[in-house]
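Predicted model, so just to flag it, every value in this text is computed and none were measured. Lettering follows sequence order; numbering is per chain, from 1.
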Amino acid sequence: MLLESIKMSWDNIINNKLRSFLTMLGIVIGVASIIALITIVQGATSSISNQVTELGANKIIINVMGTPLKQGLNQDDIANISKLDNINGISPTISRKSGIVFHNKVMENVTVQGKNEVYFQTDASLLNSGRAINILDLESRNQVAIIGSNIVDELYYGIDPVGTDLTINGTTFTVIGTLAASSGFGAESNNDKVVIPYTTALRGLGVKNIKNLDVFLVDTSLADDTVMEIKGVLTPAFNYKENAYTAFNMGDMIESFESIMSIMSLLLAGIAAISLFVGGIGIMNMMLVSIIERTTEIGLRKALGATPNIIQLQFIIESIFLSLIGGLIGLILGALIAYVSSILIGIGFSISIATIFLAVGFSAAVGIVFGYMPARKASRLNPIDALRSL
Amino acid sequence: MDEVLNMNNICKSYYMGAEELEVLHNVNLKIHTGDFLSILGPSGSGKSTLMNIIGCLDVPTAGKYLLSGNDIDDLDEIELAKVRNKEIGFVFQSFQLLPRISALHNVELPLIYSGLPSPERKKLAGEILKRVGLADKIQNLPNQLSGGQQQRVAIARALVTEPSILLADEPTGALDQKTGSQVVELFEQLNREGRTIIMITHDSNIARRARRVIHILDGHLTEVEV
């Protein structure tokens with residue numbers, strides 16, 4: 001019986017191809033926009049959060065604005081923080097722009113950063129060739145440098161930079177390694193950087209204070225507690241002055257970023273759902289017209305022994321068919337739009353199973369909800385009136 | 001002979017606003033297996049209403065109606081649908097075939113609602129179409145058939161469930177005289193094979209070919225001898 005109802009519904013859709021297609025169009029557009037928007041937003045989210053994660057999720061970043069009496073952190077502050085629990089290592093950053101020279105080739109305004117061994121230990125993929133800065137370099141303030149990929153390209157075309165001499169701010173450094181090319185953006189990009197031991201930087205670059213500290217954690221889930229403890233150390237050190245420094249947890253930043261993106265994708269999906277709703281009304285309208293057209297047929301079927309339930313079933317199936325087919329077309333169209341857009345924008349494309357189920361589920365639900373009322377109306381037609389309407 | 005249908009003091013009223021309009025007054029009617037009965041009356045006489053009640057498409061306002069021993073008054077909508085499916089074979093004036101499906105599929109329709117599996121349906125529908133003389137037309141669509149052939153398909157559809165009563169409402173109304181006469185001939189044959197037939201008509205020439213003729217006028221029945 002169910003099979004027969006399905007067959008009858010299908011026949012009816014096929015017999016009214018143009019009208020069925022136009023009715024489906026609402027659902028097609030609704031589902032396509034939901035799929036495209038969700039997929040694009042998800043692709044953008046994962047691309048951006050990958051980049052953010054590259055900066056490190058397992059650390060607390062301390063930035064110092066300073067007070068007139070104490071403009072930055074010193075070695076003692078770092079030693080005090082490293083005594084706290086849950087700390088895996090501390091990597092200070094001293095940053096300065098400087099000119100660099102190799103074999104009479106000059107680059108101006110290169111970011112030179114003083115770092116320590118912890119910076120290289122936390123991420124093994126940082127180094128492309130050569131060796132990292134070690135404790136001995138820091139203790140003896142060795143004049144060694146590790147250079148970014150863009151600097152290699154510009155100054156060392158065709159030459160292995162490791163072992164060569166590079167002049168930074170008038171002082172000669174030995175290049176001991178190169179940094180891996182990164183996809184990071186802005187100031188955090190490693191490609192245009194020169195990294196030297198921070199102890200060497202404190203002496204040779206004319207920077208006296210450490211303004212930036214990355215504190216690496218053992219257990220990320222305790223990050224908030226560790227932030228409080230760090231504040232317990234630094235607030236007295238800055239003599240309880242407000243706004244002397246900030247300490248924030250990168251994990252928090254990633255989390256809040258992801259929650260913003262998910263709110264955004266919900267919002268977009270909500271807008272797309274409106275068009276799905278409009279599509280549903282289109283289906284309901286077509287079903288009502290179809291019932292009026294087929295009043296006699298319904299009456300005849302009832303006279304031949306169709307129960308109200310069977311009539312209702314047949315019309316609901318028809319409406320589900322319309323919306324499901326529309327949903328499937330919309331799914332394909334939406335995926336296509338998302339695929340093309342992701343190539344154009346330059347983000348990753350991946351369509352999740354959940355998205356597919358969402359689309360199919362949504363359109364089936366539209367079919368049931370908007371098909372129910374017309375189907376019920378059809379099932380309640382009085383066979384006499386229905387037959388007489390001829 | 002077995003009693004197929006027994007109507008006892010059936011009344012039917014409609015309400016036009018506050019005004020009550022009585023269409024059938026105390027109708028009493030008994031039909032036995034093998035009867036061939038025609039109900040003759042002009043339009044507005046109540047014969048359509050009577051047919052609807054006999055066909056379980058409508059329920060009486062008062063009175064008792066037994067169809068094959070079932071008290072129709074006790075049945076709900078779903079049971080009424082089943083009674084229509086099993087006990088009544090409808091033949092309509094305008095054939096009422098579904099236009100987009102073949103003659104065979106049209107005849108299958110009532111069997112679909114009886115829940116018969118497809119191979120059996122096809123076999124039964126094919127046999128009954130052969131019986132009404134349309135063995136070579138089973139795959140034709142209704143619009144590829146003449147009026148008389150379409151009415152034969154409709155009769156085959158009415159017979160396919162082996163109903164207790166074949167109920168024909170103006171079966172010749174949309175046909176020319178010759179084809180109409182052939183349709184009545186088919187009824188006569190079917191009746192000789194033992195089928196119970198009720199034919200509603202306003203044409204006294206057609207009505208007279210039944211074994212029993214009942215006049216209906218203003219909701220009152222009178223049986224006339226033929």
Chemist: Picking from Thr161(B), Asn85(B), Leu80(B), which has the most non-hydrogen pairs under 4.5 angstrom with chain A?
Modeler: Asn85(B)
Chemist: Measure Arg294(A) against the heavy atoms of chain B and call it side chain, backbone, both or neither at under 4.5 Å.
Modeler: neither
Chemist: So Met8(A) and His105(B), do their side chains get closer than 4.5 Å, heavy atoms only?
Modeler: no
Chemist: Taking the side chain as every heavy atom from C-beta outward, state whether Phe90(B) and Leu300(A) have any pair of such atoms under 4.5 Å apart.
Modeler: no
Chemist: Step through the shown structure and confirm whether more than 12 heavy atoms of other residues, nucleotides or ligands are within 6.0 Å of CZ on Arg19(A).
Modeler: yes
Chemist: Within residues 359-377 of chain A, which positions have a heavy-atom distance to chain B below 4.5 Å?
Modeler: none
Chemist: If you count every heavy atom of other residues, nucleotides or ligands that lies below 6.0 Å from Glu19(B) atom CD, does the total exceed 12?
Modeler: no
Chemist: Could you tell me the separation between the CD1 atom of Ile14(A) and the CZ atom of Arg100(B), rounded to the nearest 0.5 Å?
Modeler: 11.5 Å
Chemist: Identify which part of Asp58(B) has an atom lying under 4.5 Å from any heavy atom of chain A, answering side chain, backbone, both or neither.
Modeler: both
Chemist: Taking atom CD as the centre, does Gln177(B) end up with more than 12 heavy-atom neighbours from other residues, nucleotides or ligands that are less than 6.0 angstrom away?
Modeler: no
Chemist: Just how far is it from atom CG of Leu109(B) to atom CZ of Arg301(A), taken to the nearest 0.5 Å?
Modeler: 5.5 Å
Chemist: Counting heavy-atom pairs under 4.5 Å with chain A, which one of Leu98(B), Val83(B), Leu116(B), Ile78(B) comes out on top?
Modeler: Leu98(B)
Chemist: Within a radius of less than 6.0 Å around NE2 of His25(B), do more than 12 heavy atoms belonging to other residues, nucleotides or ligands occur?
Modeler: yes
Chemist: Which residues in residues 302-324 of chain A have any heavy atom closer than 4.5 Å to a heavy atom of chain B?
Modeler: Lys302(A), Ala303(A), Leu304(A), Gly305(A), Ala306(A), Thr307(A), Pro308(A), Asn309(A), Ile310(A)
Chemist: Counting only heavy atoms from other residues, nucleotides and ligands, does the tally under 6.0 Å from CZ of Phe277(A) exceed 12?
Modeler: no
